[in-house]
Amino acid sequence: MSPQSIPPADLVAADLTMAIRQLLRRLRAETNPSELSLSQMAALSRLEQNGSMTTADLARAELMKPQSMGVIVASLEREGLIERRPHPSDRRQVHFMLTEEGGAMRSQHRSLKRDWLVTALAKLDAADMKALTAAIPLIRRIGES
């Protein structure tokens, strides 16, 4: 590809944003039987990965305001997907962790997502699969920047 044929970064950013948004919307529609919001699913995923966390820790990890995360945590607690526990060293704080039901939901969600993606990827031809595989490290690197 010649330098003249490389599109400007702002156009690539717009196209990539739209593509990622569409993929996330489709993944959510196909794999979220509980119909939780993306923020709720992200909080459950974070608790699954990291173990118990305070609301403030969750908010920082998800780049949200603590008040916004407080609303999410309260809704997940009402649904029985997370539970509160006393902080091990600071009685003023509370840690949240997945309940058994929350863990089962995360497991089901992971399986549905994997199964849907495997089915979608199986429809790609070899060249598309190779191109997608080559793009994964780039997408990961952008996400980690």
Side-chain angles (χ1 to χ4, degrees), residues 1-85 87-88 93-145:
M1 186 177 274
S2 70
Q4 294 90 6
S5 65
I6 298 173
D10 61 335
L11 292 180
V12 173
D15 285 348
L16 183 58
T17 298
M18 184 63 77
I20 290 171
R21 186 177 294 135
Q22 185 177 4
L23 178 60
L24 287 174
R25 202 175 296 126
R26 183 66 190 267
L27 270 172
R28 184 172 178 221
E30 296 288 337
T31 66
N32 189 4
S34 61
E35 297 187 17
L36 293 176
S37 72
L38 290 176
S39 296
Q40 289 171 315
M41 291 303 292
L44 289 176
S45 177
R46 185 72 62 176
L47 288 171
E48 181 182 47
Q49 291 171 3
N50 296 351
S52 66
M53 298 175 75
T54 65
T55 303
D57 291 337
L58 275 167
R60 268 190 300 280
E62 292 300 317
L63 306 173
M64 299 177 81
K65 293 182 179 182
Q67 297 84 348
S68 299
M69 184 55 74
V71 172
I72 293 166
V73 166
S75 68
L76 294 172
E77 190 175 21
R78 275 193 307 276
E79 294 291 324
L81 301 174
I82 64 173
E83 62 186 6
R84 59 181 65 221
R85 295 279 169 92
H87 190 282
Q93 294 188 43
V94 175
H95 268 215
F96 290 92
M97 59 186 292
L98 288 180
T99 61
E100 190 173 318
E101 183 179 349
M105 176 183 283
R106 284 293 307 141
S107 180
Q108 177 190 27
H109 184 260
R110 237 185 350 272
S111 293
L112 288 169
K113 186 178 358 180
R114 184 188 57 246
D115 293 348
W116 182 82
L117 275 172
V118 166
T119 300
L121 293 174
K123 296 174 185 175
L124 298 178
D125 63 26
D128 286 344
M129 187 62 121
K130 186 176 181 179
L132 180 60
T133 302
I136 291 170
L138 294 173
I139 294 168
R140 183 176 291 127
R141 195 166 70 213
I142 291 168
E144 293 172 349
S145 66

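Note that the numbering runs from 1 along the sequence shown for the chain.
Partners of E83 according to the side-chain hydrogen bond (donor to acceptor under 3.5 Å, both in side chains) rule, which considers only residues two or more places apart in sequence or in another chain, are R85. By the side-chain hydrogen bond (donor to acceptor under 3.5 Å, both in side chains) test, E101 is found to be paired with no residue, residues two or more places apart in sequence or in another chain being considered.
Across I82 and V73, no two heavy atoms sit closer than the pair CD1-O, 3.5 Å. The heavy-atom pair separating A134 from P137 by the smallest distance is O-CD, 3.3 Å. Closest non-hydrogen pair, M69 versus T55, comes out as CG-O, 3.7 Å. Residues R46 and A61 share a closest heavy-atom pair of NH2-O, 3.2 Å. Here the shortest heavy-atom pairing between S145 and I142 reads OG-O, 2.7 Å. Taking each heavy atom of L47 and F96 in turn, the nearest pair found is CD2-O, 3.3 Å.
Side chains of L36 and H109 form no contact here, defined as non-hydrogen atoms less than 4.5 Å apart. Residues L112 and E30 form no side-chain contact, since every pair of their non-hydrogen atoms from C-beta on lies 4.5 Å or further apart. Annotation: side chain of L138 is in contact with side chain of R141 (closest heavy-atom distance under 4.5 Å). Between I72 and E62, every side-chain heavy-atom pair lies at or beyond the 4.5 Å cut-off. Under the 4.5 Å side-chain criterion, counting only non-hydrogen atoms from C-beta, D125 is in contact with D128. Put simply, the side chain of L132 reaches to within 4.5 Å of the side chain of L121, judged on heavy atoms. The closest side-chain heavy-atom distance from L44 to Q40 is not below 4.5 Å.
In this structure a side-chain-to-backbone donor-acceptor pair under 3.5 Å is present from T17 to A13. The main-chain N or O of L81 is found under 3.5 Å from a side-chain atom of T99 such that the two form a donor-acceptor pair. Judged purely by atom type and a 3.5 angstrom limit, S45 has no side-chain atom pairing as donor or acceptor with the backbone of M41.
For Q22, the CD atom is loosely surrounded, since the number of other residues' heavy atoms within 6.0 Å does not exceed 12.
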Step-by-step side-chain contact (heavy atoms from CB on, under 4.5 Å) determination, Q67 to V71: CA-CA 7 Å; Q67 297 84 348; V71 172; over 6 Å; no
